[in-house]
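Input: a single structure, listed below in structure tokens.
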Protein chains: 2
Amino acid sequence: MSKNKKVSLSQVAKAAGVSKMTASRVLRKEGGYSETTRAKVMAQIDALGYLPNRLATVFAGDQSSTFIGVSIPDLGNEVFAQVLEGIDRKLGTFGYQSVLGLTQHTLAEEEKWIRTVLSWQPAGLILTGRYHSQRAVEMLRNAGIPVVEIWDLNSSPLDVSVGINHFDCGFDMGRYLTSLGYRTIGYVGTSHDTANAATDRLNGFCKAVEGGGGEVVKQLCLHDTATYYPGFYGTEHLLAATGNIECIYYQNDAMAYGGLKYCDAKGLAVPTDIGIAGWGDLPIASVMNRRMTSCHVSHLKLGQRAAEMMMARLTGEPAPDCVDIGFRLIPGSTVRNAGG
Amino acid sequence: MSKNKKVSLSQVAKAAGVSKMTASRVLRKEGGYSETTRAKVMAQIDALGYLPNRLATVFAGDQSSTFIGVSIPDLGNEVFAQVLEGIDRKLGTFGYQSVLGLTQHTLAEEEKWIRTVLSWQPAGLILTGRYHSQRAVEMLRNAGIPVVEIWDLNSSPLDVSVGINHFDCGFDMGRYLTSLGYRTIGYVGTSHDTANAATDRLNGFCKAVEGGGGEVVKQLCLHDTATYYPGFYGTEHLLAATGNIECIYYQNDAMAYGGLKYCDAKGLAVPTDIGIAGWGDLPIASVMNRRMTSCHVSHLKLGQRAAEMMMARLTGEPAPDCVDIGFRLIPGSTVRNAGG
DNA sequence: AAACATTGAGTTACCCGTAACGTTCCGTTA
DNA sequence: TAACGGAACGTTACGGGTAACTCAATGTTT
């Protein structure tokens with residue numbers, strides 16, 4: 001045991017005094033061998049510390065690997081970490097592994113990663129977002145493996161998709177805020193190289209606000225990460241540029257908390273002087289003294305459903321093309337009360 | 001193009017009217033072919049949508065794959081998400097991919113995952129924690145690939161390690177709290193199937209508190225996840241069981257925030273009535289109105305260093321066995337002032 | 001006792017690239 | 001012009017398993 005070189009099946013077979021094929025049968029428990037033979041082979045597997053080489057197995061047949069490529073924009077954003085957790089846990093119960101790809105919200109990174117990960121013959125891919133480069137789409141089609149697009153709901157997915165309708169999220173929040181009487185509203189978010197779910201939310205939001213008689217007077221898209229501090233200074237910029245903002249909608253809760261902090265620091269009372277609304281409902285909300293006006297999505301569940309849909313596609317079970325896991329608007333206490 | 005079946009190099013070669021070997025040479029740019037030939041091969045690669053099969057390459061030579069197995073206890077804990085982000089980003093710059101394994105803080109899960117991931121011939125493994133099952137250690141030794149143990153500093157690692165000394169973290173906090181005059185102190189954390197970094201912190205903490213003339217009168221180890229709400233109800237249990245606690249040390253900041261919330265809810269003033277200290281320094285601290293007494297660690301950097309050490313081991317560059325990335329105690333405002 | 005089924009185990013070919021070596025077909029040079 | 005050298009490309013073998021097939025040694029039936 002404890003050799004430095006890898007132990008192969010034929011070495012095990014030789015040591016056990018049988019052929020490679022017999023050893024293979026024992027390992028796969030497919031029958032066709034005597035108990036004596038089984039014992040001899042197992043003894044040698046143990047003694048030599050043999051570990052099967054799955055590359056060879058995949059290579060031999062047309063059977064695919066147990067890799068699932070999973071692309072995630074970034075893990076600094078807590079919601080994506082939760083999605084990944086849901087995916088990997090569920091995949092694990094089926095004996096599959098995630099091969100991670102952090103795309104940093106760029107299609108170029110995604111395309112590069114797709115090219116690499118496809119060369120490892122994954123069983124399938126789970127991709128965040130419904131926007132992909134033209135070349136990426138071609139490669140995905142050629143690969144002939146299941147693709148689950150998550151996050152954004154996609155009515156015409158490459159293969160199947162699961163997520164929520166971000167336009168509706170934004171729309172509902174826009175309608176809610178205008179129903180409370182807000183008319184002059186600002187937005188603080190970040191921009192990326194392409195349209196994404198945040199863009200969809202903003203579009204839905206603007207539509208509802210305008211439909212409700214309000215106006216999104218200023219949209220600030222920072223070239224930064226969508227986290228706490230950019231929410232802080234983004235709020236400062238927004239308020240400096242536009243005087244009479246009644247309420248601010250943020251790309252997500254992390255930025256909204258940053259905005260809340262800015263207001264606290266400047267003596268602006270929330271929600272008396274200004275309203276604040278975010279998106280995503282972070283876990284920390286359960287221990288904040290003010291409930292953030294936001295939109296709740298079960299990110300863990302989203303990930304789990306994505307993994308389940310992947311497994312359904314791999315086993316050939318019938319499954320819907322498109323699953324909406326829904327969201328729930330959280331009124332919170334960072335905007336004025338109804339009727340205010 | 002757009003075949004359903006995978007396109008192999010020999011198909012490309014045949015289409016281009018050359019041998020497989022020539023096509024291989026063109027792909028690897030190793031020379032020994034004319035410009036005419038190169039153009040013909042490249043044209044067919046494009047036309048057929050050929051993607052190289054890296055499995056076959058690994059299989060052919062003794063060259064290893066570009067997979068790095070990365071085991072992480074859980075992603076619900078923000079700090080581990082940051083570590084993973086640091087690892088994957090850095091690995092990506094070297095053309096390597098992370099194969100994720102969530103161990104849920106159990107050695108049994110870790111062992112199972114190690115067995116599986118080793119069968120895919122990874123180039124190396126990055127493991128969280130320095131405790132592994134006996135069988136896992138045997139497999140790792142037999143595998144003969146680099147192993148980077150992270151998180152806990154390990155003076156005698158399997159191979160190399162990077163992290164911090166958790167005992168010292170706990171010790172410094174214990175010394176700090178006793179220096180502020182705290183004597184009757186409680187602890188709230190979670191328990192797992194084995195010793196881990198949190199255990200080390202607790203041990204260091206107790207040692208310092210006792211050395212400083214104080215006493216850790218109650219250690220509460222919940223069978224739950226180390227997040228916000230368990231911090232909340234754990235605090236309730238702790239205070240119900242023991243009356244005169246002056247200060248509580250928590251396993252991490254998430255639990256500490258939960259505790260802070262409990263105190264707020266019950267009208268206990270922090271730090272006047274009770275002191276609270278955590279560990280890990282979450283990003284949200286930057287927008288909280290009270291600075292949590294905690295311990296700062298650069299988790300992203302930890303992940304990056306781990307990936308760098310892995311690459312150093314793979315390329316054979318000399319590198320230290322053991323890297324301490326250090327920590328910084330954050331006095332915060334959730335404990336009384338010095339001299340109080 | 002001859003014909004046949006069953007069980008256990010070995011043989012061969014193959015999957016897709018690459019290393020190592022072999023073969024043409026030129027152009028130079030003595 | 002024979003001899004040589006190198007560029008360009010082909011052939012073969014290999015790696016670790018598995019499918020499909022073959023074969024030998026039993027046992028079973030009539």
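Proteins come first, then strands; the chains are lettered A, B, ... in the order of their sequence lines, and each starts at number 1.
- At a threshold of 4.0 angstrom between heavy atoms, the contacts of Ser19(B) include nucleobase atoms, whether or not backbone atoms are also involved.
- As rounded to whole Å, 13 Å separates atom P of dC15(C) from atom CZ of Phe59(B).
- Within the structure, the salt bridge (charged side-chain N to carboxylate O under 4.0 Å, His left out) test picks out the following pairs touching residues 89-106 of chain B (sequence neighbours left out): Glu85(B)-Arg89(B), Lys90(B)-Glu308(B).
- Put simply, the side chain of Arg25(A) and the base of dG10(C) share a donor and an acceptor less than 3.5 Å apart.
- Bending across the helix from dA1(C)-dT30(D) to dA30(C)-dT1(D), expressed as the angle between its end axes from five pairs apiece, amounts to 60° (10° rounding).
- Counting non-hydrogen atoms under 4.0 angstrom, Arg54(B) reaches nothing in the nucleic acid.
- Atom P of nucleotide dG16(D) and atom NZ of Lys14(A) are separated by 12 Å, given to the nearest angstrom.
- Between the CG atom of Leu27(A) and the P atom of dG16(D) there is a distance of 15 Å, rounded to whole Å.
- Rounded to an integer number of Å, the gap from Gln11(A) CD to dG15(D) C1' is 12 Å.
- Interatomic distance, CD of Glu109(A) versus NZ of Lys112(A), reported as 4.5 Å (0.5 Å rounding).
- For Arg28(A) and dG16(D), the shortest distance from a side-chain N or O to OP1 or OP2 is not below 4.0 Å.
- Counting to the nearest Å, the C1' atom of dC21(C) and the CE atom of Met21(B) are 11 Å from each other.
- Within 6.0 Å of the CE atom in Met42(A), the count of heavy atoms belonging to other residues, nucleotides or ligands does not exceed 12.
- A salt bridge does not link Arg305(B) with Asp324(B): every distance from a Lys NZ or Arg NE/NH1/NH2 to an Asp or Glu carboxylate oxygen is 4.0 Å or more.
- Between the P atom of dA9(C) and the CG atom of Leu9(A) lies a distance of 15 Å, rounded to the nearest Å.
- Projected onto DNA chain D by closest heavy-atom contact, Ala56(B) and Thr37(B) fall at different nucleotides, the more 5' of which corresponds to Thr37(B).
- When rounded to the nearest whole Å, the span between CD of Glu30(B) and P of dA8(D) equals 12 Å.
- Note on Ser24(A): a side-chain N or O is less than 4.0 Å away from OP1 or OP2 of dT18(D).
- A donor N or O paired with an acceptor N or O is not found under 3.5 Å between the base of dG10(D) and the side-chain atoms of Lys20(B).
- Around atom CZ of Arg28(A), more than 12 heavy atoms belonging to other residues, nucleotides or ligands sit under 6.0 Å away.
- Evaluation of the ring-ring contact (aromatic ring centres under 6.0 Å, His included) rule for Tyr33(B) yields no partner, not counting sequence neighbours.
- Side-chain nitrogen and oxygen atoms of Thr22(A) include at least one within less than 4.0 Å of the OP1 or OP2 phosphate oxygen of dG10(C).
- For Ser34(A), no side-chain nitrogen or oxygen approaches OP1 or OP2 of dT7(C) to under 4.0 Å.
- When distances are taken from the side chain of Ser8(A) to each of dT11(C), dG17(C), dG16(D), the shortest belongs to dG16(D).
- Per the geometry, CG belonging to Leu51(B) stands 10 Å off P belonging to dG17(C), to the nearest Å.
- For the 3.5 Å distance criterion, the side chains of Ser65(B) and Gln121(B) fail to qualify, holding no donor opposite an acceptor.
- Under the 4.5 Å side-chain criterion, counting only non-hydrogen atoms from C-beta, Leu91(A) is not in contact with Gln97(A).
- In this model, the phosphate group of dC16(C) is not approached by any side-chain N or O of Tyr50(B) to a distance below 4.0 Å at OP1 or OP2.
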